[in-house]
J.: 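I have a structure here, written as structure tokens, and I will follow up with some questions on it.
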Amino acid sequence: MSGFFNISGKFGGKTKPKRSSSAVRPLFLCPPYCNNSIVKGNFKTIVQLPKYVDGNEWLAVNVFDFYNYINMFYGSISDFCTLRDCPTMSAGTGGFEYLWMDGQKKTSRVPAPQYIDFVMSWIQTLVNDEGTFPTKDGREFPLTFQQTVRGIFKQLIRVFAHIYHSHYDKVLSLCQEGHFNSLFAHFVSFGREFDLLDKKDIVPLQDLIDIMDGNGILC
């Protein structure tokens, strides 16, 4: 994971859908892998806002945790996410391709490892910014904080989608599928609870979400 945060980038990204060219079912949708989880029951009680806790504080703490955990999972398979093997930021062959948008709102096609570097660097900059993620007494969250969180969720689910579609075999080889599926279920449940995910953002993983819904793990 050395050098993982050394590329700066501006928030953005557009989705470019591509026509499916393969009928092969991805591993993450196949039993028993799709049903593997370390959590029994669902995440309802975990994601709900606790009594006497400020809503923005709850969002901030959870976003920081999701960012760190997804970063850790990506770090475990990042040696396999290379410029050669992942020349675009995609959610599988014939799936979705994500284009990066820079500060001038110019979109460009970048390799997946570079795109993910951009995403993680952008989030790290935000969480370190007292004006966006205040940690000191007397500092208020900005009025745009929930919009910022939605932007973070939009980018993180793209990282989930890339790992699931392009590197799930590595997740399996490391015996991490139960933890990774549980993290994703937690992420989606939290996103639903606080309206942080647009329907179009979950399309590449909709089939997995449907399976998890059927298993009762999502709230």
Side-chain angles (χ1 to χ4, degrees), residues 1-9 11-13 15 26 28 33-34 36-39 43 46-47 58-82 86 89-92 95-96 98 100 110-128 132-133 148-194 196-198 201-206 208-209 212 217-218:
M1 293 178 62
S2 61
F4 188 55
F5 295 113
N6 63 357
I7 303 178
S8 62
F11 164 65
T15 306
F28 67 87
Y33 313 124
C34 62
N36 198 342
S37 173
I38 62 171
V39 174
F43 284 91
I46 297 176
V47 302
W58 186 239
L59 290 179
V61 168
N62 280 273
V63 165
F64 183 74
D65 284 345
F66 287 131
Y67 157 68
N68 278 324
Y69 284 126
I70 296 170
N71 186 10
M72 288 171 57
F73 273 106
Y74 178 72
S76 71
I77 56 88
S78 60
D79 286 345
F80 306 98
C81 187
T82 64
C86 301
M89 180 61 179
S90 63
F96 282 74
Y98 303 116
W100 183 255
V110 298
Q114 185 177 7
Y115 189 104
I116 295 173
D117 271 342
F118 285 165
V119 168
M120 295 303 182
S121 295
W122 171 69
I123 297 174
Q124 185 185 43
T125 299
L126 286 176
V127 299
N128 288 337
T132 306
F133 279 76
T148 298
V149 172
R150 285 177 62 86
I152 292 174
F153 262 62
K154 179 178 183 176
Q155 294 297 333
L156 288 181
I157 199 167
R158 293 179 176 186
V159 179
F160 269 118
H162 180 71
I163 295 175
Y164 267 116
H165 282 276
S166 300
H167 303 294
Y168 196 69
D169 58 331
K170 303 303 186 298
V171 173
L172 291 177
S173 68
L174 294 170
C175 300
Q176 293 180 341
E177 69 274 12
H179 290 81
F180 192 62
N181 289 346
S182 295
L183 177 61
F184 179 66
H186 187 182
F187 179 86
V188 172
S189 294
F190 193 87
R192 284 180 172 179
E193 182 75 10
F194 297 98
L196 301 174
L197 289 168
D198 290 333
D201 295 328
I202 66 175
V203 170
L205 294 172
Q206 185 63 62
L208 179 60
I209 290 172
M212 290 182 169
I217 192 173
L218 300 181

J.: Distance check, rounded to the nearest 0.5 Å: I209 atom CD1 versus L197 atom CG?
T.: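 So the CD1 of I209 and the CG of L197 are separated by 7.5 Å.
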J.: So, taking the atom named OG in S90 and the one named CZ in F96, what distance separates them when rounded to the nearest 0.5 Å?
T.: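 With rounding to 0.5 Å, OG (S90) is 11.5 Å from CZ (F96).
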J.: For the residue pair F28 and L172, establish whether any side-chain heavy-atom pair is separated by less than 4.5 Å.
T.: no
J.: With sequence neighbours left out, what residues match D198 under side-chain contact (heavy atoms from CB on, under 4.5 Å)?
T.: R150, K200, D201
J.: Of all heavy-atom pairs between Y98 and A161, which one has the smallest distance, and what is that distance?
T.: OH-CB, 3.9 Å
J.: So, taking the atom named CG in L126 and the one named CD1 in I152, what distance separates them when rounded to the nearest 0.5 Å?
T.: 5.0 Å
J.: List the residues meeting salt bridge (Lys or Arg N to Asp or Glu O under 4.0 Å) with D65, not counting sequence neighbours, and say none if there are none.
T.: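 Salt bridge (Lys or Arg N to Asp or Glu O under 4.0 Å) check on D65 returns nothing, list empty.
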J.: Would you say the side chain of R158 lies within less than 4.5 Å of the side chain of L205, judging by non-hydrogen atoms?
T.: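 Sidechains of R158 and L205: no contact.
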J.: Please report the C-alpha distance between F194 and F190 in whole Å, then the side-chain angles of each, then the deciding distance to 0.1 Å, and finally whether the ring pair (Phe, Tyr, Trp, His ring centres under 6.0 Å) criterion is met.
T.: CA-CA 6 Å; F194 297 98; F190 193 87; 4.7 Å; yes
J.: So, for R192 and L218, which heavy atoms are closest and what is the spacing to 0.1 Å?
T.: NH1-CB, 3.7 Å
J.: Check Y115 against W100 and note the closest heavy-atom contact, atom names and distance.
T.: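 Minimum heavy-atom contact is CE1-CE3, 3.5 Å.
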J.: T125: which residues meet the side-chain contact (heavy atoms from CB on, under 4.5 Å) condition with it, sequence neighbours left out?
T.: none
J.: I need the I217 CD1 to F43 CZ distance, nearest 0.5 Å.
T.: 5.0 Å
J.: OG1/T148 to CD1/I123 distance, rounded to the nearest 0.5 angstrom?
T.: 11.5 Å
J.: Could you pull out all donor-acceptor pairs under 3.5 Å where a side-chain atom in residues 175-189 meets a protein atom, sequence neighbours excluded?
T.:
from: Q176; atom 1: OE1; to: S76; atom 2: OG; distance (Å): 3.3
from: E177; atom 1: OE2; to: N36; atom 2: ND2; distance (Å): 3.1
from: N181; atom 1: OD1; to: Y164; atom 2: OH; distance (Å): 2.8
from: N181; atom 1: ND2; to: Y33; atom 2: O; distance (Å): 2.9
from: N181; atom 1: ND2; to: N36; atom 2: O; distance (Å): 2.9
from: N181; atom 1: ND2; to: E177; atom 2: O; distance (Å): 3.3
from: S182; atom 1: OG; to: S37; atom 2: OG; distance (Å): 2.8
from: S182; atom 1: OG; to: I38; atom 2: N; distance (Å): 3.0
from: S182; atom 1: OG; to: G178; atom 2: O; distance (Å): 2.8
from: S189; atom 1: OG; to: A185; atom 2: O; distance (Å): 2.9
from: S189; atom 1: OG; to: C219; atom 2: N; distance (Å): 3.4

J.: NE2/H165 to CZ/F160 distance, rounded to the nearest 0.5 angstrom?
T.: 13.0 Å
J.: Heavy-atom distance under 4.5 Å between the side chains of I163 and K170, does that happen here?
T.: no
J.: Return yes if some donor-acceptor pair links the side-chain N/O of N62 with the main-chain N/O of W58 below 3.5 Å, else return no.
T.: yes
J.: Verify whether one side chain among Y67 and Q155 offers a donor that lies under 3.5 Å from an acceptor in the other.
T.: no
J.: My understanding is that only residues two or more places apart in sequence, or in another chain, count here; which of them pass side chain to side chain donor-acceptor pair (under 3.5 Å) with S173?
T.: none
J.: Please report the closest heavy-atom contact between S78 and G75, naming both atoms and the distance.
T.: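 Closest pair (atom of S78, atom of G75, distance): OG-O, 3.1 Å.
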J.: With a 4.5 Å limit on heavy-atom distance, are the side chains of V63 and F153 in contact?
T.: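 Yes, at least one pair of side-chain atoms sits under 4.5 Å.
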J.: Under the side-chain contact (heavy atoms from CB on, under 4.5 Å) rule, collect the residues that match up with C86, sequence neighbours excluded.
T.: C81, A112, P113, H162, H167
